[in-house]
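Taking it in order: structure first as structure tokens, then the write-up.
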There are 2 protein chains.
Amino acid sequence: MSSSEKPNRKVTSFDVARRAGVSRAAVSRAFTPNASVSPETREKVVKAAKELGYRVNYLARGLINQRSDFVGIVAAGMDNPFRAMQIEQITKNLVRRNFRPILLPADHGESADHVMDQLLHYNVSGVLVTSDAPPTALCAEFAAAGVPIVLINKADSIPAVDRVVSDNDTAGRLAATTLIEGGAQHLAVMSAAAISYTARRRQQAFLACCHSLEADVRVIPVKINDYANGFAAAAALDGVDGVFCVNDYMACGLIDGLRQRGIAIPDGVRIIGHDDVPQASWTGYDLTTLRQPCDLQAEQAIDLLLSRMDDPETAERVELTPISLVRRSTA
Amino acid sequence: MSSSEKPNRKVTSFDVARRAGVSRAAVSRAFTPNASVSPETREKVVKAAKELGYRVNYLARGLINQRSDFVGIVAAGMDNPFRAMQIEQITKNLVRRNFRPILLPADHGESADHVMDQLLHYNVSGVLVTSDAPPTALCAEFAAAGVPIVLINKADSIPAVDRVVSDNDTAGRLAATTLIEGGAQHLAVMSAAAISYTARRRQQAFLACCHSLEADVRVIPVKINDYANGFAAAAALDGVDGVFCVNDYMACGLIDGLRQRGIAIPDGVRIIGHDDVPQASWTGYDLTTLRQPCDLQAEQAIDLLLSRMDDPETAERVELTPISLVRRSTA
DNA sequence: CATGGAATTGTACACGTGTGCAATACTGGA
DNA sequence: TCCAGTATTGCACACGTGTACAATTCCATG
């Protein structure tokens, strides 16, 4: 207390400049890549900076550059392990490329718009959206502000926005053929088609493939694609020996529900999921599934974000093919 | 292109001021709570702001206020479902209180320090740490910068830092008594005590309780507290009929591993976990566990952060008692 | 030594906002 | 009507940085 009067005084580039005996501009240049500084002054500056504990204030820098290092991530609930994987991959990839991820949880419903709106206050350099409800209204505002948006696994209804999507058509087809090859004759697809775009698309493709193969098939609608709904649906499952769950999370619930009824997997019912969450390879489930490569998904989405910062005029659509993993649940 | 020359021009408070016919200060005050503005001017300002699509630039505001709305979250891998739950609770709670969570993934090892250092460039108003390796070296730097840190489930080795911890002593004791009451006579504790503080503490308490009850007990060390290590450890498990896994994630692995060997749960081996991840209540596992109330944990941690912003001198330690949930794995 | 060009440096302005201070408008009572 | 007290407003400065432009230094070549 008696030794220094200003304990929390921030160190600015001005302090560093004075200590190093150079101008403040030199300090700025020393910390800016590809700036015009001589090696000697740069050395003097970093030395003084280290001694004073100086750190560039990125908020001020962002004010000048009209663009911050922040990237918004709008994501729905992480109870689904696939979402957790997605977020982990995305954040790691962003940090690796020197961005700061702002994570905004958006549950099913209206909250997404309100929460995304906040991002426009921070000069974010982009937004990644994986939540269920695409923020149609806000896309225009972001476009007007020059902030690129990349949608992951979202509907095509919004026109000029970049998208990374899983190839749901092949997914549906692979699911159908895998079940049939496993010996199933009475098929079903379980999905919350009403609220989820990917669920709807996978269901459509699955049905189309079944019809073209003239296979018996029906739809089992659920409210949400989660464990609880999968589990509950097992109680009413009859006359079916092969089920395509549009995600693994729900498939785990269905398996547990069927086992509780004494129905064996795969002998009683064959099951295929989608995503390849960690639990799918747990021996308790050993679930055949269609892997969504979410490391690649993150990579592509961020690549798209970057290319859109440079060239805002166009919009791309990248499709990733799911990888078939046959395990015991259909063998 | 021909209609307007500046399509992406940012709208500033100056533009709003001119349109509303007031000074720029009035605009600022209209968007600042508890500022001195008459209702009429405020109304004029918000009207003009809405027409122009104006949004306050929080980066500039943070520059003035010396404090931003950002809170850093340093978290380890989300493959453990409990971590995903923690992060979801924390981010939701932060957003509800009008903060922006910056999520920094820090895997086991050295990377945490490097990544946390970045936060000091953004005037974050606080940091929450749940990663395994506490950043001892950086805590002093954050204290010097006046940025409060709250550690969640971390060691007591760092002196004057706020902490929210689960009561590991009661956890160890409850685990032991629950297993014994379930009929177990030869106990074991499975944990990566070498790398995890909580694992170490729970193990110690478990052993102490067993010794005081004169029960047979041994230690099964693993490298990491995860599914794979739990599964692998099942292969070498002999002469034991009750196991305390220091987290549920590992317990799931152990259960699957034992079942693969044909050992039934709980008749062959009773198992108790810790955390109450969603999978613990899945009927496939039905795992007795000690629930960590991670909604309350998040609430307390952020409360601590806020009180430390106002009064930086002290430091508290909040302990949360785990809740015993007895399910089939010990019944 | 003179000179042209390149490399480096410093000055000064800009980014968009919050707020102390003084000036002004307003209110109610005598 | 006048005045004291209060509510409201505007001016001007500050926050910490990047960079255009001009000024300066440096170096090699004639």
Side-chain angles (χ1 to χ4, degrees), chain A residues 6 8-46 48-49 52-70 118 120-125 145-146, chain B residues 6 8-46 48-49 52-70 118 120-125 145-146:
Chain A
K6 309 172 180 178
N8 286 351
R9 181 74 192 134
K10 291 288 231 180
V11 184
T12 79
S13 59
F14 188 76
D15 305 323
V16 178
R18 191 171 37 190
R19 176 163 192 122
V22 298
S23 79
R24 203 187 51 74
V27 177
S28 171
R29 286 192 256 259
F31 288 102
T32 305
N34 308 326
S36 171
V37 213
S38 75
E40 305 96 61
T41 44
R42 158 167 280 140
E43 199 179 353
K44 281 193 293 186
V45 168
V46 299
L52 294 174
Y54 169 73
R55 281 170 233 266
V56 179
N57 186 326
Y58 288 165
L59 297 184
R61 175 181 281 184
L63 203 53
I64 285 284
N65 293 343
Q66 303 273 49
R67 176 159 294 179
S68 72
D69 296 334
F70 294 111
Q118 295 290 331
L120 286 172
H121 293 258
Y122 293 97
N123 279 358
V124 294
S125 41
Chain B
K6 309 172 180 178
N8 286 351
R9 181 74 192 133
K10 291 289 230 179
V11 183
T12 79
S13 59
F14 189 76
D15 305 324
V16 178
R18 190 171 37 190
R19 176 162 192 125
V22 297
S23 78
R24 201 188 52 73
V27 178
S28 171
R29 287 191 253 258
F31 289 103
T32 305
N34 307 328
S36 171
V37 213
S38 74
E40 304 97 62
T41 44
R42 158 166 279 141
E43 197 178 354
K44 281 193 294 186
V45 168
V46 299
L52 294 174
Y54 167 74
R55 279 171 235 264
V56 178
N57 186 326
Y58 288 165
L59 297 185
R61 175 180 281 185
L63 203 53
I64 286 282
N65 294 342
Q66 304 273 50
R67 176 161 292 178
S68 72
D69 294 335
F70 295 111
Q118 295 289 332
L120 286 173
H121 293 257
Y122 293 97
N123 279 359
V124 294
S125 41

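Phosphate proximity of C:dG18 to B:Ser28: present, with a side-chain N or O under 4.0 Å from OP1 or OP2. The phosphate of D:dG10 (OP1 or OP2) has a side-chain N or O of B:Ser23 nearer than 4.0 angstrom. Within the 4.0 Å cut-off from OP1 or OP2 of C:dT17, at least one side-chain nitrogen or oxygen of B:Ser13 is found. Applying the 4.0 Å criterion to OP1 and OP2 of C:dC15, one finds that B:Thr12 has every side-chain N and O outside that range. The phosphate of D:dG16 (OP1 or OP2) has a side-chain N or O of B:Gln66 nearer than 4.0 angstrom.
Annotation: the span from A:Ser13 atom OG to A:Arg29 atom CZ amounts to 12.0 Å, rounded to 0.5 Å. The line from CZ of B:Arg61 to CG of A:Leu63 is 13.5 Å long, rounded to the nearest 0.5 Å. With values rounded to the nearest 0.5 angstrom, A:Thr12 atom OG1 is found 8.0 Å from A:Arg18 atom CZ.
One interatomic measurement links the two molecules: CZ of A:Phe14 to C1' of D:dT17, which rounds to 14 Å at whole-angstrom precision. As a whole-Å value, the separation of A:Leu59 CG from C:dG18 P is 14 Å. Rounded to an integer number of Å, the gap from A:Glu40 CD to D:dC26 C1' is 11 Å. Atom NE2 in B:His121 sits roughly 11 Å away from atom P in D:dT17 (whole-Å rounding). A straight line from CZ of B:Arg67 to P of C:dG18 spans 17 Å, rounded to a whole angstrom. Computed from coordinates, the B:Phe31 CZ to C:dT17 P distance equals 10 Å when rounded to whole Å. Rounded to a whole Å, the CG atom of B:Asp69 is 11 Å from the P atom of C:dG18. Atoms OH (B:Tyr58) and P (C:dC15) sit 21 Å apart, rounded to a whole Å.
Checked by atom type, the side-chain pair B:Lys10/B:Asn57 shows no donor-acceptor distance below 3.5 Å.
Side-chain atoms of A:Asn65 lie closest to D:dG18 of the nucleotides D:dG18, C:dT17, D:dC15. Candidate nucleotides C:dT11, C:dT19, C:dT8 were compared by shortest atom distance to the side chain of A:Ala25, and C:dT11 ranks first. The side chain of A:Asn57 has D:dT17 as its nearest neighbour among D:dG10, D:dT17, C:dT17. For B:Ala26, whose side chain is taken as the heavy atoms from C-beta onward, the closest listed nucleotide among D:dG10, D:dT19, C:dT19 is D:dG10. The side chain of A:Arg24 sits closest to D:dT17 out of C:dT9, D:dT17, C:dT17.
Both B:Val22 and B:Ile64 sit near DNA chain D, but only B:Val22 has its closest nucleotide nearer the 5' end.
Under the 6.0 Å cut-off for aromatic ring centres, A:Tyr54 and A:Phe31 qualify, their centroids lying closer than that.
Residue contacts for A:Arg42: at a heavy-atom cut-off of 4.0 Å it reaches no nucleic acid atom on any strand shown. Within the 4.0 angstrom heavy-atom criterion, only backbone atoms of the sugar-phosphate kind lie near A:Ser38; the bases stay farther away. Across all strands shown, B:Tyr54 has heavy atoms under 4.0 Å from sugar-phosphate atoms exclusively, and none from any base. No engagement by A:Val27 is indicated, since no non-hydrogen atom pair under 4.0 Å with the nucleic acid exists. Within the nucleic acid shown, B:Ser36 comes within 4.0 Å of at least one base atom, counting heavy atoms only.
Classified by interplanar angle (parallel below 30°, tilted 30° to 60°, perpendicular above 60°), the ring pair A:Tyr122/A:Phe70 is perpendicular.
Donor-acceptor pairing under 3.5 Å, judged by distance alone, is present between the side chain of B:Arg29 and the base of D:dG10.
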